[in-house]
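Scroll down for the structure; my scribbles are underneath it.
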There are 2 protein chains.
Amino acid sequence: MGGRKVPDVVVRRLPLYLRVLEELDVEETPIISSHELGEQSGVTPGQLRKDLSFFGVFGKQGVGYNTLYLREELRRILRLNQQVNVGLVGVGNLGMALIHYHKPKEDPNGIGLRLVAAFDIDPQKIGKRISDVPIYSVEKLPEVIRQLNISIIILAVPAEVTEDIFRRCIESGVRAFLNFAPGKLSAPGHVRVHATDVTLELESLAYYR
Amino acid sequence: MGGRKVPDVVVRRLPLYLRVLEELDVEETPIISSHELGEQSGVTPGQLRKDLSFFGVFGKQGVGYNTLYLREELRRILRLNQQVNVGLVGVGNLGMALIHYHKPKEDPNGIGLRLVAAFDIDPQKIGKRISDVPIYSVEKLPEVIRQLNISIIILAVPAEVTEDIFRRCIESGVRAFLNFAPGKLSAPGHVRVHATDVTLELESLAYYR
DNA sequence: TAGATTGTTAATCGATTAACAATC
DNA sequence: TAGATTGTTAATCGATTAACAATC
């Protein structure tokens, strides 16, 4: 377990399972079957079990999965059982939306994703705080990334400057990015980029409309 | 051609090819090979040719693809060779970002995606225009969808109301959606939903960081 | 014990890649 | 014609689904 490489499609489904488990009332549903958890996550029971099997054994035959236990195990697998510091570059409309969208985690232990810093070039914005998130100068990227131990960067800057900022973040040791600018970022092998490209989404939708 | 059903992965790559072709200078590159177009799109030459073969024959053996012709054919296949009217529900920060992001298409013929209407419940916003896009009351959704012939709706509203607005749009005949709210929308078979779920993206990134 | 449900293996399905005949 | 590159078929790869022995 943990040894073989896990397919990316599998990793991407784990947060889905975790979300369903987190929405569940543990008092009400202390145990859940692959049938029910699969149903609520939109996958087949078999696929759910197969996915989990990449990481170990979490259920009891004839019984099901302990809701609380599986939840914690998924957090551990996703490395969300610790504080994961996220930085946001670009405090335009999109950046603002992301800051407001981010609920500083209702979790009591302060565990999981945490937006700890935003970056912009606008002197009007630098030094301010929005929803408790401090805004730094983009110049301070390397410094702040290290000081605050930021491991994920969200890129919400204009397309023209994305590549440059991307490069600078990599140099500061960041290996995980969520990019909202159109176009592919060329990344070294150990760097992971998840992207959201609105134009591509809309254009493929046009086919189906 | 056109008969068999085309895999979704293929449809989703077409806008990528189209983008590369649109960025190309036709004077400079009147003809392009599958090798070069594939390279620039991030796919193998074989995959590019396979993808295109679902829709017909577009190249010349021993030569390559006519840049201008393939561009137009891809637009036709994606149904972007006509004005495609898009509506946006929710003019918060995200909605604003999307409005500003949308360049009303530098295309001379006014062809392709066009954001023609936004909707909100805030009386302060209703009746105004942002970047030329008029803001209507959400109450007017059915009416405006029909009048402006809107075929794609972007959902940028809070999670709690997304399902409801989604339903109302479907009732008004919309069959293609881009959803930014977290959570799965349950849609009838003929309705297509592409989704961007920031939390899921970040949580799966945590695994790779 | 009988019933239920997991974990896992084998079968199926679908997508990608390799290879090459067709042909410009 | 010789060289190049397409369109397409066959081989491979990977992911999903079906099925069932293990076992709670």
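Below, chains carry the letters A, B, ... as their sequence lines are ordered, and counting in each starts from 1.
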- [ ] Please determine if B:Asp8 and B:Arg13 form a salt bridge, counting it only when a charged side-chain N lies under 4.0 Å from a carboxylate O.
- [x] no
Open item on the list: On DNA chain D, compare the nucleotides closest to A:Gly46 and B:Gly64; which residue's is nearer the 5' end?
Closed with: B:Gly64
- [ ] Report the distance from atom CG of B:Asp51 to atom C1' of C:dT17, rounded to the nearest whole Å.
- [x] 12 Å
Task: Under 4.0 angstrom between B:Tyr65 side-chain N/O and C:dC24 OP1 or OP2 - done: no
- [ ] Would you tell me whether B:His194 and B:Asn179 have side-chain atoms, one donor and one acceptor, within less than 3.5 Å of each other?
- [x] no
Task: Euclidean distance, atom CG of residue B:Leu37 to atom C1' of D:dT5 [Å, nearest integer] - done: 14 Å
Task: A:Thr44 side chain near D:dT17 phosphate (N/O to OP1/OP2, under 4.0 Å) - done: yes
Open item on the list: Using Watson-Crick or G-U wobble geometry with both distances under 3.5 Å, which nucleotide pairs with C:dA19?
Closed with: D:dT8
Open item on the list: My understanding is that a pair needs two contacts under 3.5 Å, Watson-Crick or G-U wobble. By that rule, which nucleotide pairs with C:dC24?
Closed with: D:dG3
- [ ] Kindly point out which of D:dT17, D:dT16, C:dT17 is positioned nearest to the side chain of B:Gln47?
- [x] C:dT17
- [ ] May I ask you to verify if any side-chain N or O of A:Arg49 is less than 4.0 angstrom from the OP1 or OP2 atom of C:dG7?
- [x] no
Open item on the list: Using heavy-atom distances to pick each residue's nearest nucleotide on DNA chain D, tell me which of B:Gln61 and A:Gly62 is more 5'.
Closed with: B:Gln61
